[in-house]
Amino acid sequence: MPNSSTLNPSVRWDSPGPGTLRRWQALIPGWFAAEARDLPWRRPDCTPWGVLVSEIMLQQTPVVRVLPRWEDWMRRWPAPADLAAAPTGDVLRAWDRLGYPRRALRLKEAAAAITARHGGKVPEDEAELRALPGIGEYTAAAVAAFAHGRRSTVLDTNIRRVLARAARGEAAPPPALSRTEYRWAAALVPEDEAVSVRWNAGLMELGALVCTARSPRCTACPLAADCTWLAAGRPGAEAPTVRKQTWHGTDRQLRGAVLAVLRAGDAAVPRGLLVSGREGTASVPESLTESQLEALARLRRLNPDPARMDRIVTGLIGDRLAQENPEGLTLPD
DNA sequence: AATTCGGGGGT
DNA sequence: ACCCCAGAATT
């Protein structure tokens with residue numbers, strides 16, 4: 001069965017030679033031990049649940065923004081059963097502005113599944129982790145490695161970039177993670193379990209601190225002497241440029257504004273907070289405050305398309321507001 | 001394989 | 001303005 005490298009000669013999947021690989025497998029864990037940041041989910045006393053929470057929060061979200069939310073979260077819900085029993089509105093408010101709030105909903109669902117099906121213990125097996133809501137290939141591998149010390153192939157944006165540069169001389173990995181790339185990277189993971197964990201953690205940390213996307217600090221890199229990309233003169237990104245969705249004027253922007261209104265509000269007054277994704281609508285049996293209704297009306301006045309506002313608000317807060325406002329979604333003006 | 005899902009800080 | 005960030009789920 002030919003892989004993409006044989007089908008497309010322009011794609012090179014060069015691996016480091018045996019000697020070089022052996023050197024990297026010593027350098028990376030060593031560098032990690034010396035240079036790693038002291039993050040709370042890396043402390044020896046952090047539970048597997050704490051690691052899982054961190055991995056979910058860190059999806060597409062920088063470490064510095066996760067830190068305070070993670071601390072609050074773990075203090076409030078120190079075990080899966082605690083989160084599983086929490087009201088959805090509390091969960092979403094505690095998520096604050098981390099973004100992608102569906103992650104919070106799925107984390108709560110995962111907590112319930114862990115409580116019901118796994119005796120309250122975070123699974124160690126990657127397939128079992130992968131079966132939990134919100135946990136994909138990356139997160140399953142990361143939890144297996146960092147929560148349980150298991151050998152796995154962790155491939156996040158950092159590791160993919162470091163390996164693309166050091167081993168293949170490319171400025172950036174392909175836009176999509178292929179099976180070819182996965183198998184290629186899996187073959188580089190050290191056999192020894194304990195070493196493999198520091199390999200995964202070290203490559204990730206290297207990508208976050210040194211081999212960064214924009215201004216890599218190659219002079220501080222333990223792989224500098226062997227780096228194919230550096231040796232080639234750090235050729236610029238071939239820029240796959242996947243053209244991004246514009247932000248201003250999109251449904252996402254408006255949804256974010258509505259979500260901010262729902263998240264805020266007077267703490268003394270019961271309030272609702274509901275979020276939906278394609279998979280459905282989550283709700284809490286509370287009502288909106290007058291100030292929240294007024295804020296929504298303000299958003300509506302700013303939005304030139306009332307039908308679109310209706311669609312966004314309906315998607316976010318479902319039938320609840322419609323019941324409180326029998327005339328469709330007519331809000332106080 | 002392409003889209004959509006937030007939000008904020010760096011450049 | 002644009003890029004990037006410990007991705008996942010859906011179409």
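Quick note on labels: first sequence line is chain A, next is B, and so on, each numbered from 1. Since the structure is predicted, the reported quantities are computational estimates derived from the model, not experimental observations. Values below: all heavy atoms of this structure, side chains included; hydrogens, waters and symmetry mates excluded.
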Protein-nucleotide distance ([X], atom [atom1]; [N], atom [atom2]), rounded to Å:
X      : N     : atom1 : atom2 : answer
A/L209 : C/dC4 : CG    : P     : 18 Å
A/R102 : C/dA8 : CZ    : C1'   : 8 Å
A/Y100 : C/dA6 : OH    : P     : 13 Å
A/L177 : B/dA2 : CG    : P     : 15 Å
A/L105 : C/dA9 : CG    : C1'   : 14 Å
A/Q60  : B/dT4 : CD    : C1'   : 12 Å
A/L206 : C/dA6 : CG    : C1'   : 14 Å
A/L107 : C/dA9 : CG    : P     : 12 Å

Contact check, side chains of [X] and [Y], non-hydrogen atoms, under 4.5 Å:
X      : Y      : answer
A/L163 : A/R160 : no
A/L52  : A/W41  : no
A/W70  : A/L58  : no
A/R252 : A/R255 : yes

Going by the rule side chain to side chain donor-acceptor pair (under 3.5 Å), which residues pair with [X] if we only count those two or more places apart in sequence or in a different chain?
X      : answer
A/R150 : A/E124
A/W184 : A/S15
A/R69  : A/D72
A/N158 : A/D156, A/R161

For this session: Pick out which of A/V143, A/L177, A/V154, A/L155 makes a side-chain contact (heavy atoms from CB on, under 4.5 Å) with A/Y138.
Result: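 Exactly one candidate clears the test, A/V154.
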Give the residues of [range] touching DNA chain C, defined as any heavy atom closer than 4.0 Å, sorted by residue number.
range                       : value
residues 127-151 of chain A : A/R130, A/P133, A/G134, A/I135, A/G136, A/E137, A/Y138, A/T139
residues 155-163 of chain A : A/D156, A/T157, A/N158, A/R161
residues 31-52 of chain A   : A/R37, A/L39, A/W41, A/R42

Exercise. Is a side-chain donor-acceptor pair under 3.5 Å present for A/T139 with A/Q59?
Worked result: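 Yes, because at least one side-chain N or O of A/Q59 sits under 3.5 Å from a partner of the opposite role on A/T139.
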Exercise. Looking at residues at least two apart in the chain, or sitting in another chain, which of them share a side-chain contact (heavy atoms from CB on, under 4.5 Å) with A/L21?
Worked result: A/P16, A/Q25, A/L188, A/W199
For this session: With sequence neighbours left out, write down each residue that passes side-chain contact (heavy atoms from CB on, under 4.5 Å) with A/A112, or none if nothing qualifies.
Result: A/A84
Exercise. Picking from C/dA9, B/dG6, C/dA6, which would you name as closest to the side chain of A/R106?
Worked result: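 The answer is C/dA9.
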For this session: Go through C/dA6, C/dA8, B/dG6 for me and flag the one nearest to the A/R255 side chain.
Result: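 Within the option list, the nearest is B/dG6.
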Exercise. Dot-bracket for DNA chain B: what is it, with Watson-Crick or G-U pairs under 3.5 Å, [ ] where a pair crosses earlier ones, and | for a pair to another strand?
Worked result: |||||.|||||
For this session: Could you work out the separation of C/dA9 and B/dG8 based on their C1' atoms and round it to a whole Å?
Result: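 Per the computed distance, 24 Å lies between those C1' atoms.
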Problem set entry | Same-atom distance (P) from B/dT4 to C/dA6, integer angstrom | 24 Å
For this session: Enumerate the residue pairs fulfilling salt bridge (Lys or Arg N to Asp or Glu O under 4.0 Å) with a member in residues 28-38 of chain A, sequence neighbours excluded, ordered by first and then second residue.
Result: A/R37-A/E205
Problem set entry | Ring-face cation contact, A/Y100 with A/R102, 6.0 Å cut, 45° max |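 Here A/R102 fails the 6.0 Å and 45° test against A/Y100.
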Exercise. Between A/A176 and A/D96, which is nearer to the 5' end of DNA chain B once each is assigned its nearest nucleotide?
Worked result: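 Looking at DNA chain B, the more 5' nearest nucleotide goes with A/A176.
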Problem set entry | Pairing of A/K121 and A/E128 as salt bridge, 4.0 angstrom limit | no
Problem set entry | Donor-acceptor pair (no angle test) under 3.5 Å: A/T61 side chain, B/dG6 base |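 Such a pair exists between side chain and base.
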Exercise. After noting the C-alpha distance and the side-chain angles of A/W95 and A/M57, does the key distance pass the side chain to side chain contact (heavy atoms under 4.5 Å, CB included) rule?
Worked result: CA-CA 9 Å; A/W95 192 258; A/M57 289 184 171; 3.7 Å; yes
So which protein N/O to nucleotides 8-11 of chain B N/O distances come out below 3.5 Å?
unit_1: B/dG8; atom_1: OP1; unit_2: A/R97; atom_2: NE; d: 3.1
unit_1: B/dG8; atom_1: OP1; unit_2: A/R97; atom_2: NH1; d: 3.0
unit_1: B/dG8; atom_1: O4'; unit_2: A/R65; atom_2: NH1; d: 3.1
unit_1: B/dG8; atom_1: O4'; unit_2: A/R65; atom_2: NH2; d: 3.3
unit_1: B/dG8; atom_1: N3; unit_2: A/R65; atom_2: NH2; d: 3.4

For this session: For A/R23 and A/L223, indicate whether the former's side chain and the latter's backbone hold a donor-acceptor pair under 3.5 Å.
Result: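 A pair under 3.5 Å: no.
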